[in-house]
Structure formats: C-alpha cells, structure tokens
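Proteins get letters first, then strands, A, B, ... in listed order; numbering begins at 1 in each. Small disclaimer: the values here were computed from a predicted structure and weren't measured.
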Amino acid sequence: MTEIQLHNTLTQRKEPFRPIDDGKVRIYVCGMTVYDYCHLGHARVLVAFDVITRYLRHRGYDVTYIRNITDVDDKILRRAEENGEDFLVLTERMIAAMHEDEAALGVLRPTEEPRATDYIREMIAMIETLIEKGAAYVADNGDVYFAVASFDGYGKLSKKKLEDLIAGARVDVSDVKHSPADFALWKAAGPGEVSWPSPWSNGRPGWHIECSAMSTTRLGNHFDIHGGGPDLLFPHHENEIAQSEAATGEPFVNYWMHAGAVRVDQEKMSKSLGNFFTIREILETYPPEVVRYFLVSSHYRSQVDYSEDNLKEAERALTRLYHAIRGLTPDETAPEGEHDRRFSELMDDDFNTAGAMTVLHAVASDINQQRRDGDDTAATRSAGVLRRLGRALGLLEQDPEAFFQGGSDDDLSPEVIEEQIAARAEARRNKDFAEADRIRDELAEQGVILDDSREGTTWRRA
RNA sequence: GGCGCGGUGGCAGAGUGGUUAUGCAGCGGACUGCAACUCCGUGUACGCCGGUUCGAUUCCGACCCGCGCCUCCA
C-alpha cells in the first residue's frame, strides 16, 4: 500500500500525508455563510471534501471532520433586513436548505457543524489573548483589530508580502486601523444592530476569528488538514493562521487544501458576479448523482466549467456504469484485485478522482463482457467491485432501477409502461413490426427508452 | 502591477522521458425484425521557440495565451 500524497497550498507541492496522531485525521473545512441557497461552487467544495473524507475512511483512518456554518455576518444581517425577518429565521431556513442540497448530492454530514453564534465566548477569549500578547488592539470606536505587522509569518500561505499589501491598499482617511492590512476581530455595533456584549463594545465578531475559534475548540490548537474554496486562501485563511498561531503559540495546520473554481461562460461562478446556478436549480434539470459525477470526474484542484454539454456527458457516462450493474446482485465480498489496487494508487495521489473514474469504467467493461459471455458469477463479483469503488467516491449507491426509472409524478407510470411493453411484445410475436415500432416511438416521445435483450425488454427514462 | 495556476486528440479530462488513459461524440463490423443497449475494431493529441538528452507532450529557460487571488465571495 502506497502512502497518500496530497497537495499542500502552504508548500505548493504534493507531500506525503502523515497525520499528527497515527491513524487519526482531524480536518476542518470552511462551510457556508447562510444567507442564500448553495450554488454549484459550494457544491464543488462540499463534494470535494466529502470524497476526501470518504477516501480517508476507506483507507482506514478515523476521521474527525468539522465544517462550520457562518450564521452571523454583514451579508446575513443585510439580507434579513431586506426580507424584513429576524436573521435567525433566515439562517435556519438556509441551513435546512443546505442540508437538503447536500443530502441530494450524496454528501455525508460532517462529524460536527459548529455555528459561529455558538462560539462567541470562545472568540472573545481568543481576542483577549491576542490583545494581551500585543497582537491586537482596541480602536477608538470599540472595534478590535489584528495587528498584522506583529505576526512574522504573515503571507506564508498566500505568498504575499506585507509591504505590497499595504502599498496596494485603498487609503481610507477615516479608517481607525493602524495599518491598512490590519483586519477586524470584533466590530462594534451601531444602534439597533445585532450584537453581543464584550469587554470592548457591544458588537459582533469579524469573519475570520470564528474559524480560528471553532477549529481550535473542536480539533485542538494544531490539527492536520484545513480546507475550503479557492477564494478563501486570501485573506480568510491567511488571517486564520495569523490569529491562531499568534494566540496559541503553536503551529495551526499541517496541510492546507483548496478546491478549484467553478466557471460559467468563461467567468468564475460567484455570488458577487451574480452568475451563479444554485444546486436546487440544477437539480430541476439533472439527477443529483449526475451533478456529483460531473464534479468528481475532474480533479478537485482544477477549474471546472459548468455547461449543459458537460452535464449531459456526465449523465451518459454515469448511465453506462449503472447499466453495467443493472439486473445483477453485486457481490461486495469479492476479493480485492488489480482494479482495487489501481484505484487506490490513483486516489492516493492527491485524490485523483478523474483517474479513478477510469478504473470504474474498466470494471464496467469487464462486467459487460462477462455478462455477454454468460459468466454470471464473474459479473456478480465485478459488480461488487464496482459498487465498492463507487461508494468510496459516493457514486453508484442507488438501486439501478431507481436511477433509470425514477421520475416525477407527472411522468408516465411504470404500470402503463409495462402494459405498453407487453402490447409491443405481443405485436412482435405476431410479426406486426409496424405496431411494435409505433409503441416504441410513442414511449420514446414520452421519455421512455426500451432496451431489448435475450431475457426480455427493460425500460429507462431518458 | 504583485502572487499563483494552467494551456493535451472533435469535446471533456487523466497521465507519462521512449510502449499514446478513460468517457462522450464519430466511423466500420457483430448482435437485432429494424433500432436502442452491449461487444469487437478504429482515432497517433500534447500552445510557440530554444536547451538538456540517444530520445521530450513529459525536465530547464524564454515567449504567447487563458484563468484565479490581491475587495464580500466556496
């Protein structure tokens, strides 16, 4: 068994993965800010780290996976105000929606999902420590800022130089910060704004401090992996390192992992650009597992382009895999063989899911051949291998019939389809091929495709 | 401007110092009443220019192009 190699943003290269505690992995991923529905970019991160944690478990690690929920911030408060609702009502609704979306995509729930509002006390304690250590200061207006210049390693993750950041910053004469690069740990609230009491002002936490407080509280000061979306690298993660290491005096995280961006029409999909597709929108057109297949079929660090063609292709490819196991009872006790070995080799190499996908297709080819040769025992075993490998990626977990025939209530019912198939079989027996073809065409128009075989006719929805 | 990533066959997308993944689409054949599905066969691609090498798509350098971050954003 080879050693897992993973790409570390900190060192910008692949490194052998060695957890701090043998056999245990502690991982923290920055989750959603819950003021709107999840878009495909969120799905990318959700699925990427779902695959990573699934695979680490598949390899036998005891994984503690923490993914936070940011349930208080300026965007949330603004949106709640626009909607004329309490921000807690908004965030509860969005959290429920997020859980629905991720469940649809086959994303397993993290070990824990801490919410920022439950960690205000820990954040205040951390800020107090930072002030005591001289790494933070209280501004005249009651805000608290992190003094970036006090932290030697600032910029080590994003490879930025402090001088450049200061030189490039916009000059704001009214700014209460000592340096333009300093960032807020605590923001004093205005009249009527949501706030919590603190030693400095009634206010709310800055964005970055919540992740430092939640990650170190749940996982300890020093843990293995920290992940997130590509745009969190700077400033969010850079600031997390500065705060956490300044406060604890310990190294924060060993491996930083960042997913690639999702693009649409040559531009990054993002909320600020307004060009995003929400997960629920996409699921109106494509089965959830197709969306997952699409995401998993490229490497987590590479950029992906959302397009109808790409989703359709993913659908055809996934159909091929399900078709291979359709009608079989996969034997998952099948001994591990060359395919398992190759799959692990690829996945060990920085979670190369795109490569691993070729193994799934190779197994599907085996199955198709074995079935054609009438070797049901071999086919059943191969199907077990396919199921096993698929599960490590969160794919092929459905009953094939559900995948092929699942539809909505306004679709043609299975009973009607079966009747039509019987009628067509009768016509074929009578050599009335015109009638047989008419029935087949009619079903096709309603999105039902017939597959004839020696054993009879099966159907699936287009 | 600073920092970083990438340019692979019709498309998507892995990978490798020499035997050219995989999927989709296409083409030929088998199967089929005809199709579909499936099977067999078929495609010699690695931005440009130099260098290293017996040999580079793969290593090094320059260049061109695209993208991301530098502001809230997964």
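When each of A/Ser297 and A/Gly41 is assigned the nucleotide of RNA chain B bearing its nearest heavy atom, the one mapping closer to the 5' terminus is A/Ser297. Nearer the 5' end of RNA chain B, as judged by each residue's closest nucleotide, is the contact made by A/Ala362, out of A/Lys268 and A/Ala362.
Straight-line distance from the OH atom of A/Tyr306 to the P atom of B/A74: 19 Å, rounded to whole Å. Here the P atom of nucleotide B/A35 and the CD atom of A/Glu442 are 22 Å apart, to the nearest Å. The CZ-P distance, from A/Arg204 to B/C72, rounds to 14 Å in whole Å. Distance A/Lys160 NZ to B/G4 P: 9 Å, rounded to the nearest Å. One can place CE of A/Met347 at 16 Å from C1' of B/G15, the figure rounded to the nearest angstrom. When rounded to the nearest whole Å, the span between CG of A/Leu165 and C1' of B/G1 equals 13 Å. In this entry the distance linking CG of A/Asp305 with C1' of B/C11 reads 12 Å, nearest Å.
Residue A/Arg428 has its side chain nearest to B/C34 when only B/A74, B/C34, B/A36 are considered. Checked against B/C34, B/C24, B/C5, the side chain of A/Arg320 finds its nearest nucleotide in B/C24. Comparing B/A74, B/C3, B/C72 by their nearest atom to the side chain of A/Pro235 picks out B/C72. Ranking B/G4, B/C72, B/G2 by closeness to the A/Asp164 side chain, first place goes to B/G2. The A/Phe433 side chain lies nearest to B/G33 when the options are B/C69, B/G33, B/U38. The side chain of A/Ser270 lies closest to B/C73 when the candidates are B/C73, B/C39, B/A25. If you check B/C40, B/G68, B/U38 against the side chain of A/His323, the one that comes closest is B/U38. Checking B/C73, B/C24, B/U22 against every side-chain atom of A/His361, the shortest atom distance belongs to B/U22. In the set B/A36, B/C34, B/A74, the nucleotide with an atom closest to the side chain of A/Asp451 is B/A36. Closest to the side chain of A/Ala317, out of B/G23, B/C69, B/C72, is B/G23.
Salt bridge absent: A/Glu82 and A/Arg78 never bring a charged side-chain N and a carboxylate O closer than 4.0 Å. Using a cut-off of 4.0 Å between Lys/Arg side-chain N and Asp/Glu carboxylate O, A/Asp348 and A/Arg59 are scored as salt-bridged. Here A/Glu338 does not pair with A/Arg342 in a salt bridge; the nearest charged N to carboxylate O distance is not below 4.0 Å. A salt bridge links A/Arg115 with A/Glu92: at least one charged nitrogen is closer than 4.0 Å to a carboxylate oxygen.
Across all strands, A/Glu313 comes closer than 4.0 Å to base atoms (heavy-atom distances). Within the nucleic acid shown, A/Arg424 comes within 4.0 Å of at least one base atom, counting heavy atoms only. A/Gly260 comes within contact range of at least one nucleobase, with a heavy-atom separation under 4.0 Å. The residue A/Leu233 sits apart from the nucleic acid: no heavy atom pair falls under 4.0 Å. Using a 4.0 Å heavy-atom distance criterion, A/Arg326 is classed as making no nucleic acid contact. Residue contacts shown for A/Ser298 are limited to sugar-phosphate atoms, with no base heavy atom under 4.0 Å away. Among the protein residues, A/Arg372 comes within range of the nucleic acid bases, having at least one heavy atom under 4.0 Å from a base atom. Within 4.0 Å (heavy atoms only), A/Val359 reaches no atom of the nucleic acid at all. If you check every strand for non-hydrogen atoms under 4.0 Å, A/Thr458 touches nothing. Nucleic acid contact class of A/Lys159 (heavy atoms, under 4.0 Å, all strands): sugar-phosphate only.
Ring geometry for A/Trp256 against A/Phe252 counts as tilted: the plane angle lies between 30° and 60°, on a 0 to 90° scale. Between A/Trp207 and A/His236, the two ring planes are parallel [angle under 30°; tilted spans 30° to 60°].
Contact annotation: side chain of A/Asp452 to base of B/A35, donor-acceptor pair present below 3.5 Å. Interface remark: the A/His39 side chain does form a donor-acceptor pair with the B/A74 base, using a distance-only criterion of under 3.5 Å. Remark: the A/Asp437 side chain and the B/G33 base include a donor-acceptor N/O pair separated by less than 3.5 Å. Applying the 3.5 Å distance criterion, the base of B/C34 shares a donor-acceptor pair with the side chain of A/Arg440. If you check distances only, the side chain of A/Ser158 never reaches the base of B/C3 with a donor-acceptor pair under 3.5 Å.
For B/A14, the OP1/OP2 oxygens have a side-chain nitrogen or oxygen of A/Ser302 closer than 4.0 Å. Considering only side-chain N and O atoms, A/Trp207 lies under 4.0 angstrom from the phosphate OP1 or OP2 of B/C73. Residue A/Gln369 has a polar side-chain atom (N or O) positioned under 4.0 Å from OP1 or OP2 of B/C40. Between A/Thr358 and B/G13, a side-chain N or O to OP1/OP2 separation shorter than 4.0 Å is absent. Between A/Asn310 and B/C11 there is no side-chain N or O to OP1 or OP2 distance below 4.0 Å.
For B/U22, the paired nucleotide is B/A12, the pair qualifying as Watson-Crick or G-U wobble because both relevant distances are below 3.5 Å. Remark: B/C31 base-pairs with no nucleotide in the shown strands. Criterion, Watson-Crick or G-U wobble with two distances under 3.5 Å. Under the Watson-Crick and G-U wobble criteria, each requiring two contacts below 3.5 Å, nucleotide B/G6 is paired to B/C65.
Donor-acceptor pairing under 3.5 Å is recorded for the side chains of A/Thr70 and A/Asn68.
B/U42 and B/C49 are spaced 35 Å apart, taking the C1' atom of each and rounding to whole Å. As rounded to the nearest Å, B/C3 and B/U71 have P atoms that lie 16 Å from one another. Atom name P, nucleotides B/G23 and B/G18: the rounded distance is 23 Å, in whole Å. On the P atoms, B/A36 is 10 Å away from B/G26, given to the nearest whole Å. Going from the P atom of B/G29 to that of B/A35 covers 11 Å, rounded to whole Å. For the C1' atom pair drawn from B/C67 and B/C60, the interatomic distance equals 24 Å after rounding to whole Å. Taking atom P on both nucleotides, B/C65 is separated from B/C48 by 15 Å, rounded to a whole Å. B/G50 and B/C64 have their C1' atoms separated by 14 Å, with the value rounded to a whole Å.
Within 6.0 Å of CG in A/Asn430 there are more than 12 heavy atoms belonging to other residues, nucleotides or ligands. In this structure, A/Asp432 places its CG atom where more than 12 heavy-atom neighbours from other residues, nucleotides or ligands lie under 6.0 Å away.
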Under the criterion salt bridge (charged side-chain N to carboxylate O under 4.0 Å, His left out), I'd like the reasoning laid out for A/Glu401 against A/Arg326: C-alpha separation, chi angles, the key distance, then a yes or no.
CA-CA 7 Å; A/Glu401 297 310 319; A/Arg326 188 176 197 184; 2.9 Å; yes
